[in-house]
Asks: 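Can you read through this structure? Questions will come right after.
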Number of protein chains: 2
Amino acid sequence: MSKDGGILARYAMTLETLAAAPDGLSLMEVVQATGLPRGTAHRLLGALRGIGYIVPRDGRKIYVLGPRLLRLLHLGVAPAAVSSLVQPMLEALVARFKETAFVAKLVGADVKSVAMVVPESDGQSFVQPGRVMPVHAAASAKAILAFQDEALIDEVLSRPRTRYTENTRVGEAELRADLEQVRRQGFALCDEELDPGVLSYACPVHLEGAGVLYSIGLVGLSRRLGDHPQSEVVAILRAAAEEFSKSLPSGLHRPVIGEVPAVPEERSG
Amino acid sequence: MSKDGGILARYAMTLETLAAAPDGLSLMEVVQATGLPRGTAHRLLGALRGIGYIVPRDGRKIYVLGPRLLRLLHLGVAPAAVSSLVQPMLEALVARFKETAFVAKLVGADVKSVAMVVPESDGQSFVQPGRVMPVHAAASAKAILAFQDEALIDEVLSRPRTRYTENTRVGEAELRADLEQVRRQGFALCDEELDPGVLSYACPVHLEGAGVLYSIGLVGLSRRLGDHPQSEVVAILRAAAEEFSKSLPSGLHRPVIGEVPAVPEERSG
DNA sequence: GCTGATAATTCCGTTTTATGGAACTTTGTT
DNA sequence: AACAAAGTTCCATAAAACGGAATTATCAGC
């Protein structure tokens with residue numbers, strides 16, 4: 001059977017066929033579109049479903065691209081690519097709070113700031129997109145890390161931590177508690193943990209089906225930013241995160257509502 | 001030795017390992033990160049490279065995610081997601097020409113309009129969002145189709161074609177010549193081929209490494225739109241296409257050389 | 001340039017898995 | 001209920017993956 005590509009060629013073809021179909025495809029539609037034999041197409045779809053690259057929609061016979069693939073694609077996108085998307089949102093935040101607004105992204109096991117807008121009033125505080133945020137002392141990093149899987153969290157927490165200020169939290173148990181709190185509350189807060197006198201908030205950006213890869217936040221002097229009620233800041237950041245999420249090429253064609261019951265069947269073996 | 005996942009599990013693992021490494025990984029790094037045997041990892045990387053999912057960087061021994069994955073991302077993006085992005089650009093075009101401006105996207109083997117802005121003066125429009133543009137009689141469709149691969153062009157040209165006006169081109173040879181001209185000139189022009197008295201221009205949007213999936217164009221009455229010199233219309237549409245391309249999340253992680261200036265300490269959180 | 005270590009690549013006999021046509025089961029329709 | 005169409009399972013055959021070992025390329029340091 002050796003056509004041109006290798007064994008993966010037909011998987012890739014199948015994925016692209018599904019990607020091109022806004023509402024998903026049934027087995028027979030895939031067969032027609034790809035020219036694969038029925039049994040073969042069925043097996044390929046099963047294998048793709050097995051690794052979460054595609055997902056059955058609604059009932060069980062219509063397939064769409066799945067969350068795992070979406071996440072992979074997001075991870076692969078260069079940070080700079082999103083900066084133009086979020087610029088207007090960040091500017092709106094700055095206009096609202098007169099503080100620096102920024103977006104951070106998970107890159108490998110680091111969290112990097114990828115876009116930032118600074119209020120005109122304090123021009124001295126310049127921006128360094130690409131800066132790696134310390135995971136234990138930056139709200140932006142905690143907001144993202146809290147929603148990663150255990151393996152990544154373990155890896156991150158196994159690294160050495162600098163005590164930047166007397167507020168910096170360096171104990172592993174402390175930090176795990178922080179992350180738990182972030183998960184519960186839906187936002188992260190760093191109060192002079194990185195720089196003295198500086199306060200920062202960050203909200204995770206939940207990508208539909210792809211988990212959390214970005215956070216959006218505010219930084220400013222505790223004296224000023226602290227004047228705003230926490231609930232107000234968080235509410236507005238949450239709204240911005242939601243808007244950001246929607247503006248990203250997140251959603252695949254159809255909302256993947258149903259949960260993915262990870263590896264439901266493993267029979268016949 | 002069939003572990004839990006299927007045969008694809010290790011490919012997925014490899015892709016995710018690479019996705020987590022913005023600067024790419026060598027074979028041995030992949031081996032270390034995944035625990036795969038050397039020979040196996042080498043073979044997997046070769047297969048992934050064979051289908052364009054990963055790409056060797058610089059020399060030949062560092063692998064990063066490839067353009068074909070990026071294309072998958074764009075294909076999977078719901079058309080509505082881009083409309084907010086292009087709205088400002090379309091409005092600028094409308095302000096400039098006082099004609100309807102729109103963006104079309106390749107969806108499967110069809111070209112659909114996904115966003116448009118109509119000049120206030122005339123409430124009438126010739127394009128509605130979601131409308132499938134006939135591939136043989138719409139500049140927007142030709143601008144996209146011209147840059148697809150032969151298989152897709154063949155498929156599209158094998159379908160029946162309606163003769164909308166006496167200018168409509170239905171002959172296969174004619175249409176192939178049209179596409180060739182689009183490739184040469186970098187834009188498509190339909191002069192009363194779809195609706196009598198209506199002229200339309202469209203330029204392809206070239207996505208970095210992902211080919212052409214969108215076009216951006218103008219439609220209007222021949223009498224009015226025809227008054228503008230073709231070179232002027234095309235130049236401005238080209239500029240808009242370029243701007244659009246840059247605003248999209250194109251670009252996978254790049255062989256960025258000037259990496260992390262590693263600023264010692266600065267404020268932020 | 002020589003040399004020694006490390007990474008990359010190729011080899012190849014063995015074993016596992018994919019393959020796809022056909023048979024079978026489920027689903028949906030008149 | 002009967003029929004048609006889609007979905008699923010079966011299975012002998014053929015093909016490809018497998019991975020350890022051997023080979024070649026790459027690159028230090030001398």
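These values consider heavy atoms only, across backbone and side chains, with no hydrogens, waters or symmetry-generated copies. Letters A, B, ... are given to chains in the order of the sequence lines, protein chains preceding strands, and every chain is numbered from 1. As the structure is a computational prediction, the values presented were derived from the model and not from experiment.
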Asks: With DNA chain D as reference, determine whether A:Gly39 or B:Ala47 sits nearer its 5' end, using the nearest nucleotide of each.
Replies: A:Gly39
Asks: To the nearest Å, how far apart are B:Met28 CE and D:dC27 P?
Replies: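 The distance from CE of B:Met28 to P of D:dC27 comes to 16 Å, rounded to the nearest Å.
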Asks: A:Arg161 side chain to A:Val170 main-chain N or O, any donor-acceptor pair under 3.5 Å?
Replies: yes
Asks: For B:Glu172, does the CD atom have more than 12 heavy-atom neighbours from other residues, nucleotides or ligands under 6.0 Å away?
Replies: yes
Asks: For B:Ile62 and D:dT26, give me the distance from atom CD1 to atom C1', rounded to whole Å.
Replies: 13 Å
Asks: Between D:dT9 atom C1' and A:Leu45 atom CG, what is the distance in whole Å?
Replies: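 A:Leu45 atom CG is separated from D:dT9 atom C1' by 15 Å.
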Asks: Whole angstrom is fine here: how far is it from CD1 in B:Ile7 over to C1' in D:dA15?
Replies: 13 Å
Asks: Under a 3.5 Å distance rule, please check whether B:Arg169 uses its side chain to pair with a backbone N or O of B:Glu193 as donor and acceptor.
Replies: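 No; zero donor-acceptor contacts below 3.5 Å.
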Asks: Would you say C:dG20 has OP1 or OP2 under 4.0 Å from some side-chain N or O of A:Thr40?
Replies: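 Yes, within the criterion.
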Asks: Quick one: do B:Glu16 and A:Arg71 make a salt bridge, cutoff under 4.0 Å?
Replies: no
Asks: In whole Å, I'd like the distance from the CZ atom of A:Arg38 to the P atom of D:dT8.
Replies: 12 Å
Asks: Does a side-chain N or O from A:Arg10 land closer than 4.0 Å to OP1 or OP2 of C:dG20, or not?
Replies: yes
Asks: To the nearest Å, how far apart are B:Leu27 CG and C:dA7 P?
Replies: 10 Å
Asks: Does C:dA8 have OP1 or OP2 under 4.0 Å away from a side-chain N or O of B:Ser26?
Replies: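 The answer is yes; a side-chain N or O of B:Ser26 sits under 4.0 Å from OP1 or OP2.
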Asks: Give the rounded distance in Å between these two atoms: CG of A:Leu44 and C1' of D:dG7.
Replies: 15 Å
Asks: When you check the gap from the basic side-chain N to the acidic O, do B:Arg176 and B:Glu180 get nearer than 4.0 Å?
Replies: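 Salt bridge flag = no for B:Glu180 with B:Arg176.
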Asks: Is any side-chain N or O of B:Arg43 closer than 4.0 Å to OP1 or OP2 of C:dT10?
Replies: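 Answer no for this pair, as no side-chain N or O of B:Arg43 is under 4.0 Å from OP1 or OP2.
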Asks: Taking the nucleotide of DNA chain D with the nearest heavy atom to each, does B:Leu36 or A:His42 sit closer to the 5' end?
Replies: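 In this pair, the answer is A:His42.
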Asks: Over how many whole Å does the gap from A:Leu48 atom CG to C:dA18 atom P extend?
Replies: 12 Å
